[in-house]
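Because only heavy atoms are used, hydrogens play no part in the values below, and waters and symmetry mates are left out as well, while side chains stay in.
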Number of protein chains: 2
Amino acid sequence: MRVELQGGEGPSTRPADRMSKRLSCAICGVRDRALCGALAPEQLPRLNRRACQRHYQAGQFIAAAGQRQDWLATVLSGVVKLTRTMCDGRQQIVGLLFPSDLLGRPFSDASPFGAEAATPVELCCLERPYFEELLHQESGMKHRLLERTLNEVDAAREWMLVLGRKTAEEKVASLILLMAQRLGSRNNGAATERPVSRFDLPLSRTEIAEYLGLRIETISRQLGRLRVAGVIDTEGGRRLAVRDMGKLEQLAGKEPV
Amino acid sequence: MRVELQGGEGPSTRPADRMSKRLSCAICGVRDRALCGALAPEQLPRLNRRACQRHYQAGQFIAAAGQRQDWLATVLSGVVKLTRTMCDGRQQIVGLLFPSDLLGRPFSDASPFGAEAATPVELCCLERPYFEELLHQESGMKHRLLERTLNEVDAAREWMLVLGRKTAEEKVASLILLMAQRLGSRNNGAATERPVSRFDLPLSRTEIAEYLGLRIETISRQLGRLRVAGVIDTEGGRRLAVRDMGKLEQLAGKEPV
DNA sequence: CGGCGTATTGACCACCCTCAACTGACGTGG
DNA sequence: CCACGTCAGTTGAGGGTGGTCAATACGCCG
């Protein structure tokens, strides 16, 4: 198989599909941060033609655990949760994907984890064989994937500390902090942004509990405690405002150094 | 910087260092599984000259969290634990490295995790700049690293289920199962081997507790329960024998499918 | 308004933590 | 040779955090 990508066709000769505007890499909001940001602008039109957009409603399944998945995707908008379920129904959220993150397990047909839309989600999908061939030809893209994956290992291990050693209060505080960091104003997903102090939680109480290894009632109680302590404000079910970021970090058990 | 690797010098012309035998890639027991297994045999002598072996006793620190680490290494023998510590002393083991695993965080000076020898450890070290340059030149090696890192993400996420959702008994059973899988007879570290039913735990009770998010007393009690249930035998502190592997898997909450 | 799903609050309790004492192996030194 | 200290592991008693079950409140929509 040979992926043709170099022969950048001239401008304004793109195929006459009506959806091309919605798929255009040129105006893609996450390209600079996604894997495809490693490609040169001339390569985009061809990539564009192989990409296909998919939409999911909140709660919809994107991929089942252990199932064969014949495409991979970049998250364009929304939040995707990766889950692991035991046979008796106990479930753990093992990761969250934000815009620009890659969904899918390269070089392996089936992932042991399920993927589910936590909010409405837009994906930009590529067929698996095409995607993997692209990786082999574009070493810059492969390098980006490697860096991303290394960061994900670090993040997963960091979360192991949360799950294994923190109290319920620290867990909830850690989650709020994580959300405040990743839900940057417009550039959702960037980790380096300054934390935002007012946002909608992309997860229900049940999902928060599944991410923190707690029960839903415990989440409610701890959020209540944080509210009466003046650390946060909760307005309705999902709207949340951080009143005292320093205190929140302290409660999350963040290292001083 | 240009890493010279291709010019394979002829046989029997190797430099007259007295330690070369102990460093020889030719007789290295983990090469086929380690990153350097992606290199052609002709490339080994030069790699050999840049590699340096280090030894650690059990309990010795290899790298401190947040500290700059100017080399990376392949684990030749022994078990390395990766730890994350909170300012009040609570500690979580976030990963274990077995022979052939890579120690260190490529493309980033400092890792947020500490590395400590759980058993006596032998490392095969390369300077960071040399290692990273090698990765750029040898795409096969880079690809191996990518696959390895993807597997590590999966393993870390799998462990998040253990930490977040399993009971103490299931946690201990899961750990024994993990050890039985990774401590293969001679090829320590290979994940695909059939589980071995008799081995020495590479971790103390305290370390097991730190890996499972439990207390040392709970470990003792759960091991006791597994022993009276006839699932395992404990002979002295660390020697352990699995009497009923099926029951152990069941207790670990392993999915049937 | 009534029905439904999600979130909150309360009462009770179990699992695991905490603290403490004890055992056994090992090494040192009188 | 045994006394002694140390360290890792075991065992026991009691308590606290978070789980469980149930009732209630709230938001959404027909």
- In whole angstroms, how far is the C1' atom of C:dA7 from the CZ atom of A:Arg239? 18 Å
- Between B:Tyr211 and the options B:Val94, B:Thr206, B:Leu178, the side chain to side chain contact (heavy atoms under 4.5 Å, CB included) test singles out B:Leu178
- Message: Which residue in the set B:Leu212, B:Thr218, B:Ile219 passes side chain to side chain contact (heavy atoms under 4.5 Å, CB included) when paired with B:Arg215?
- Response: B:Thr218
- What string of B, S and - do you get for nucleotides 9-27 of chain D 5' to 3' if you count protein non-hydrogen atoms under 4.0 Å? SBBBB----SSBB------
- Task: Please confirm whether A:Arg157 makes a cation-pi placement over B:Trp159, using NZ or CZ under 6.0 Å from the six-membered ring centre and within 45° of the ring normal.
- Result: no
- Message: I'd like to know if the side chain of B:Glu170 pairs up with that of B:Thr167 as donor and acceptor (distance under 3.5 Å, no hydrogens or angles considered).
- Response: yes
- Test salt bridge (Lys or Arg N to Asp or Glu O under 4.0 Å) on B:Arg182 and B:Asp101 and set out the steps. CA-CA 12 Å; B:Arg182 302 210 55 176; B:Asp101 284 340; 3.2 Å; yes
- Message: Could you tell me how far apart A:Leu226 (CG) and C:dT8 (C1') are, to the nearest whole angstrom?
- Response: 15 Å
